[in-house]
Amino acid sequence: MPASSDSSSNFDTPLASREPVAVVGGSAAGFFTAYLLARGGVSVRVFEQSEQLDAAERTLIVTRRMNDLLGSAGKDSIVNEVRRFELFTDGRAASIDLAQPDLIIERARLIRSLAKHAQGAGVQVHLGCSFRKLIPRKQKIALELQHTGGDTSEEFITDTVVASDGASSAVAHAAGWPKPPTVPLVQAIVPLPKDMSADTVRVWFVPDDTPYFYWLIPESPERGALGIIGESGSESRKVLDAFLVKRKLEALGYQAARIPVYKRWVPVEKKIGNGRVFVVGDAGSQVKVSTVGGIVTGLRGAAGVAEAILNRGSSRELRRLRREMYIHLLIRRALHDFQQEDYSRLVDSLNLPAKRSLSEFSRDEALKLLWRVCVRQPRLILMGLRGLLTSRGFARSKN
Ligand SMILES: Cc1cc2nc3c(=O)[nH]c(=O)nc-3n(C[C@H](O)[C@H](O)[C@H](O)COP(=O)(O)OP(=O)(O)OC[C@H]3O[C@@H](n4cnc5c(N)ncnc54)[C@H](O)[C@@H]3O)c2cc1C
């Protein structure tokens with residue numbers, strides 16, 4: 001645990017002579033923020049509650065945007081690449097070939113790699129330090145940190161805190177952000193079905209089971225992760241298990257957590273006395289609500305927050321991210337109350353030009369994707385509008 005400092009500073013102080021920035025949560029978003037700040041000349045400490053860098057394993061799918069953001073730091077986490085999506089609903093099927101492959105990554109490897117890069121840039125990482133309290137003090141912020149597994153605690157004084165402690169962020173809550181709604185994501189690791197290629201992702205729309213979808217992403221030619229986004233934790237596991245039985249697949253293990261549901265833009269900064277607290281990743285609900293994918297958007301949130309800290313206020317990346325998140329919200333609202341016949345019509349409407357757009361643009365270019373798909377298949381505009389107008393379950397928001 002680092003010694004605390006109590007000398008006064010303000011935001012006109014040169015970056016290098018400021019108090020170290022405290023990043024709470026040794027997560028993907030946290031380490032990426034820390035790395036960018038350190039590279040920008042800021043002293044940074046990361047406080048992580050786990051005593052080892054041994055994040056739970058999670059097989060994830062991301063677009064190539066992750067590589068654009070992370071460069072070589074993301075490479076070690078890639079376990080597979082996929083070039084095709086197969087969509088199924090009610091006996092119908094459609095397939096989409098991707099112009100640029102998506103990446104299958106392993107979360108624990110990503111976190112370890114980002115931690116290594118952050119440390120290489122000069123970030124000090126403190127494991128076994130759990131955030132307890134945030135106390136405004138002499139124009140600064142005191143963080144009370146408890147040693148994991150013991151009752152000793154210490155204070156760390158700073159003027160800038162970054163909360164990257166996940167969906168149920170204690171830091172964000174202590175700083176006054178309301179707790180976000182969350183949904184359970186549960187996936188089973190399964191042997192890859194014999195009729196499935198390791199470069200293909202399968203997605204099933206079964207609105208009786210979930211307003212979202214099931215996915216099966218291959219992590220190797222032998223294994224994949226079959227998951228569901230549910231609405232209640234215990235129910236989702238039961239529904240997933242029933243789906244596994246239907247598909248004659250046996251779970252080799254499970255991965256699960258609650259992930260925030262994006263309902264409106266969450267301002268990334270709050271002032272506490274003269275200090276500032278920022279949120280990144282799941283802690284700031286930076287999750288695409290269309291697919292509940294939070295890696296790329298969390299990394300973009302991290303880049304935006306680092307930019308805001310380094311530039312003292314403005315961030316183009318955050319403005320772009322906010323626009324992108326709004327498009328995903330519109331898509332979710334349009335789809336959320338779709339019934340079986342709507343999904344059947346949706347899959348039937350995917351003509352060749354619409355599929356080409358889905359192949360050319362990724363989920364992380366939502367505005368371009370939506371625009372091109374609608375231009376190439378105008379029936380989808382009507383279906384989307386109908387979905388938006390009849391949407392009951394998904395809160396409307398002003399953005
Ligand atoms: C089953 C499943 C499948 C998913 N699939 C995908 C996918 O395919 N694609 C995708 O993009 N996203 C996916 N997601 C979502 C994605 O995993 C998350 O959005 C992302 O990992 C969140 O990262 P983060 O960096 O914000 O925080 P987290 O990974 O949640 O990390 C938070 C960190 O903070 C630490 N911490 C918590 N409290 C404290 C404290 N008090 N003091 C100190 N440290 C603390 C934790 O130990 C942890 O290390 C999936 C999620 C699940 C559960």
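Whatever order the structure lists them in is the order used to number ligands and atoms, beginning at 1. From a predicted model like this one, the values you see are computed outputs, not experimental measurements. We're numbering straight along the sequence, starting at 1.
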For atom 31 (O) of ligand 1, the protein heavy atom that lies nearest, with its residue and separation: Ser27 CB, 3.0 Å

Residue-ligand contact Gly298/ligand 1, heavy atom below 4.0 Å: no

Shortest protein heavy-atom distance from atom 44 (N) of ligand 1, along with the residue and atom involved: Gln49 N, 3.2 Å

Taking atom 17 (O) of ligand 1 as the reference point, the nearest protein heavy atom with its distance: Arg58 NH1, 2.8 Å

Pair Phe88 and Phe205, ring centroids less than 6.0 Å apart: no

Protein heavy-atom partner closest to atom 19 (O) of ligand 1 - residue, atom, separation in Å: Asp282 OD1, 2.7 Å

Contact check, Ser164 vs ligand 1, heavy-atom distance below 4.0 Å: yes

Minimum-distance protein heavy atom relative to atom 50 (C) of ligand 1: Leu185 CD2, 3.5 Å

Asp364 with Lys288: basic N within carboxylate O range, under 4.0 Å: yes

Protein heavy atom at shortest distance from atom 12 (N) of ligand 1: Gly294 N, 3.1 Å

For atom 48 (C) of ligand 1, closest protein heavy-atom neighbour: Glu48 OE1, 3.6 Å

Shortest protein contact, atom 6 (C) of ligand 1 (heavy atom only): Leu60 CD2, 3.2 Å

Side chain proximity check, Phe156 to Pro20, heavy atoms < 4.5 angstrom: yes

